[in-house]
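First the structure, in the form of structure tokens, and then the observations on it.
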Amino acid sequence: MENADVVRLLSEMADVLELTGGNPFKVRAYRQAAQVIDTLPEPVSELWRRGRLTELPSVGAGIATAITEILCTGHFEKHDRLVRGVPLGILELLRLEGVGPRTVAAAWQELGVQDLAALAAACEDGSLARLPRMGPARVKAIREAIARYRGRGTRMPVHRAYFYAEGMLERLRRVPGVLRAEAAGSLRRRRETVGDLDLLVSSKRPEAVMRAFVQLPGVAHVLAQGATRSSVRLDAGLQVDLRVLPPESWGAALQYFTGSKAHNIGLRARAVKLGLKISEYGVFDRQGARLGGATEEEVYRAVGLAWIPPELREDTGELEAAEADTLPALVDESDVVGDLHVHTDASTDARSSIEEIAAEADRLGRRYLAVTDHSKSRPLGLDADGLRAQIEYVRALDRRLRGRPRLLTGVEVDILPDGSLDLPLELLAELDWVVASIHSHFRDPSGRTTDRLVRAIRSGVVDAIGHPSGRQIGKRDAYPFDLHAVLEAAAAHGVALEVNAMPDRLDLTDRACRLAAEAGVRVVIDSDAHNTSHLANVRYGVWVARRGWLTAHDVLNTRPVAHLARRRREAEVTT
DNA sequence: GCCGTTTTCGGCCCGACTGTTTTCAGTCG
């Protein structure tokens, strides 16, 4: 049983309870517990084994028992019993925009609607319109929600959402009367995918902002337009919500709309304990007197906390860390001074020459660069002779470049199915930097892939494991392997794990980063650039690392190049 | 179902917008 299975059963439990008129607080309890498990940086089975389940926030005796049952039997009897009483296709209706539990329950109980097709039919034949408080506008909205749901893609990758947001914000900042305009929500938290955009504008003239907003280029539909809040859907399918606030509420609103929901609930619970109320308009005492809210710092300070970086606001311990003043000093993009995984046109799938890559890296301020083309198992990858020739070439170019940037000889060597490496060990030992990666046999059983990675780590010639889980977002899941075993081996042998910053990889994940740091494993944030434009993607790797609580200390390529060489010599002495 | 400086009962974040009403229920974030 994976965490995702537990999450699914707990979430469905919440949905069914809600649909059948269960206690709304019980609904929320299941939902919160599901959220906690979903963002847990380790297998929930591990916590269960150690008897620590109830130490998780929102997990008490009841849900701990449920999780135990799920882990041991694969089922959750209470859930199964409830789900049996509900038509198979009905929970899906809750995913429809503008359709909640009350609407679904009414359509089901009054009209016998059991699935999406039946709801669509009820829109058409007029039966839905006979439900209480159901007029023509709502029927139309539901009909459109069904159409959108049927044609809906997945969440948008964060790098794409970032560019949509920046484009809109730039235009909104030019509207007369606008003081500030920023993105909040999951984009500001730098989640790897974004469901919708939350934009905030500080202005004393909201009408002008709203008029400009609904007319922005790319707006396909206006979903709602009010005095302080409007929603649109872009041609790209992305929903964008805009809130306009007076300057004195800016910090409170930014805090509120950045979320996450779980983080805000935790924060507000603290406020309630102190007799305070936090809303998007500010912090207020019992008498309703305003105590602050112009900045986020004021909001956190009001409940005795240090300001918390948005990337940490997932209610996974950041509130406690802020209280204890033990928040990590997160790694910043400017801390990263080298790139230790780039390809050149020596790899078949790369487009730029070593010279072009080096020039762009220099322009971006990178002080060193490891040239790591593919080894011979990849089509047109380097064999031993090809690599020897490239080593000479890179060394000669390095002398000419005089440190702008320093060039390191290297390779991205394939880890073969048996865990051996694709090039002779003595040749790999000559290189400045060796990335070892899996590019085949993704469907091997977990144990075999784990052994494969561990054997590569133990080879004595590998500096880093490239894109350790092999996932490609929206395309290919991670191959199954035991992350804990790999972390243990990496820590023991001083091998780094990569955060591959290609936007469709982001591998390690944020959670894995956090586990790596806890295991004492160093991380490298690499572009895996296949052309010059990819070099700047390091930014997205830094976002992941920040979400994984990493400091510059945890990230190897924040160090000067001399540190890497020294570290390698020390490793050679000890192995 | 969770939780506790209000601690084993009685609370549980809070406000905007829409569409439906003639004061508010439902949904959303």
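Since this is a predicted model, take the numbers as computed values, not measurements. Every chain is numbered from 1, with letters handed out A, B, ... down the list of sequences.
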Exercise. How would you label the contact of A:Pro136 with the nucleic acid (heavy atoms, under 4.0 Å): base, sugar-phosphate, or nothing?
Worked result: sugar-phosphate

Seminar exercise, completed: note: A:Glu12, atom CD; B:dG1, atom C1'; distance rounded to Å ~ 18 Å

Exercise. Nearest of B:dG29, B:dG1, B:dT27 to any side-chain atom of A:Gln239?
Worked result: B:dG29

Exercise. Take atom CD in A:Glu488; do more than 12 heavy atoms of anything else shown fall under 6.0 Å from it?
Worked result: no

Exercise. What distance, rounded to whole Å, do you find between the two P atoms, one in B:dT22 and one in B:dG26?
Worked result: 15 Å

Exercise. Across the strands shown, which category fits A:Asp241 at heavy-atom distances under 4.0 angstrom: base, sugar-phosphate, nothing?
Worked result: sugar-phosphate

Exercise. 5'-most contact on DNA chain B: A:Thr228 or A:Tyr30, nearest heavy atom basis?
Worked result: A:Tyr30

For this session: Quick one: label A:Val99 by what it contacts on the DNA or RNA (base, sugar-phosphate, nothing), any heavy atom closer than 4.0 Å.
Result: sugar-phosphate

For this session: Just name whichever nucleotide pairs with B:dT8, Watson-Crick or G-U, keeping both distances under 3.5 Å, else none.
Result: none

For this session: Using the P atom as the reference point in each nucleotide, state the distance between B:dA16 and B:dG11 in Å, no decimals.
Result: 25 Å

Exercise. Hey, what's the ring geometry for A:Trp543 with A:Tyr162, parallel, tilted or perpendicular (30° and 60° as the breaks)?
Worked result: perpendicular

For this session: Specify the separation, in whole Å, of atom CG of A:Asn23 and atom P of B:dC12.
Result: 13 Å

For this session: Could you work out which one of B:dG19, B:dC13, B:dA16 sits closest to the side chain of A:Arg243?
Result: B:dA16

Exercise. Rounded to whole angstrom units, what separation is found between the CZ atom of A:Phe257 and the C1' atom of B:dC17?
Worked result: 12 Å

For this session: Quick one: label A:Thr103 by what it contacts on the DNA or RNA (base, sugar-phosphate, nothing), any heavy atom closer than 4.0 Å.
Result: sugar-phosphate

Problem set entry | Expected output: side-chain A:Glu110 to main-chain A:Ala107 donor-acceptor under 3.5 Å | no

Problem set entry | Sugar-phosphate, base or nothing in reach of A:Arg133, heavy atoms under 4.0 Å | base

Problem set entry | Side-chain donor/acceptor of A:Arg229 to backbone N/O of A:Arg243, under 3.5 Å | no

Problem set entry | Listed nucleotide nearest any side-chain atom of A:Ala224, set B:dC13, B:dT18, B:dT20 | B:dT18

Exercise. Which part of the nucleic acid does A:Ala61 contact within heavy-atom distance under 4.0 Å: base, sugar-phosphate only, or nothing?
Worked result: sugar-phosphate

Problem set entry | Stepwise salt bridge (Lys or Arg N to Asp or Glu O under 4.0 Å) test for A:Arg95 and A:Asp15 | CA-CA 10 Å; A:Arg95 308 276 88 85; A:Asp15 286 348; 3.6 Å; yes

Seminar exercise, completed: In whole angstroms, the gap separating P of B:dC12 from CD1 of A:Ile278 amounts to 16 Å

Exercise. Contact class for A:Ser231 (heavy atom, under 4.0 Å): base, sugar-phosphate, or nothing?
Worked result: nothing

Exercise. Expressed in whole Å, how much space separates the C1' atoms belonging to B:dT6 and B:dC12?
Worked result: 14 Å

For this session: Please report, rounded to the nearest Å, how far the P atom of B:dC13 is from the CZ atom of A:Arg268.
Result: 9 Å

Exercise. Touch check for A:Ala227, heavy atoms < 4.0 angstrom, all strands: base, sugar-phosphate only, or nothing?
Worked result: sugar-phosphate

For this session: Give a yes/no on whether any side-chain N or O of A:Tyr281 is located under 4.0 angstrom from OP1 or OP2 of B:dA16.
Result: yes

For this session: Would you kindly give the CZ-to-P distance between A:Arg31 and B:dC13, to the nearest whole Å?
Result: 14 Å

Exercise. When we call it a touch if two heavy atoms are under 4.0 Å apart, what does A:Pro24 touch: a base, just sugar-phosphate, or nothing?
Worked result: nothing

Seminar exercise, completed: Closest of B:dC13, B:dG1, B:dG26 to the A:Arg102 side chain is B:dG26

Exercise. With a non-hydrogen cut-off below 4.0 angstrom, is A:Lys277 in contact with a base, only sugar-phosphate, or nothing?
Worked result: sugar-phosphate

Exercise. How far does the P atom of B:dC17 sit from the matching atom of B:dC13, given to the nearest Å?
Worked result: 22 Å

Problem set entry | Sugar-phosphate, base or nothing in reach of A:Gln225, heavy atoms under 4.0 Å | sugar-phosphate

Seminar exercise, completed: Rounded to whole Å, the CE-P distance (A:Met210 to B:dA16) equals 12 Å

Exercise. Between A:Leu223 (CG) and B:dG29 (P), how many Å, whole number?
Worked result: 10 Å

Exercise. Between the side chain of A:Glu298 and the main-chain N/O of A:Ala294, is any donor-acceptor distance below 3.5 Å?
Worked result: yes

For this session: Ignoring backbone atoms, test whether A:Lys78 places a side-chain nitrogen or oxygen under 4.0 Å from the OP1 or OP2 oxygen of B:dG1.
Result: yes

Problem set entry | B:dT20 and B:dC28, which share atom name P, separated by this distance in whole Å | 16 Å

Problem set entry | Nearest listed nucleotide, side chain of A:Arg229, among B:dG19, B:dC13, B:dG15 | B:dG15

Problem set entry | CZ (A:Arg286) with more than 12 external heavy atoms under 6.0 Å | no

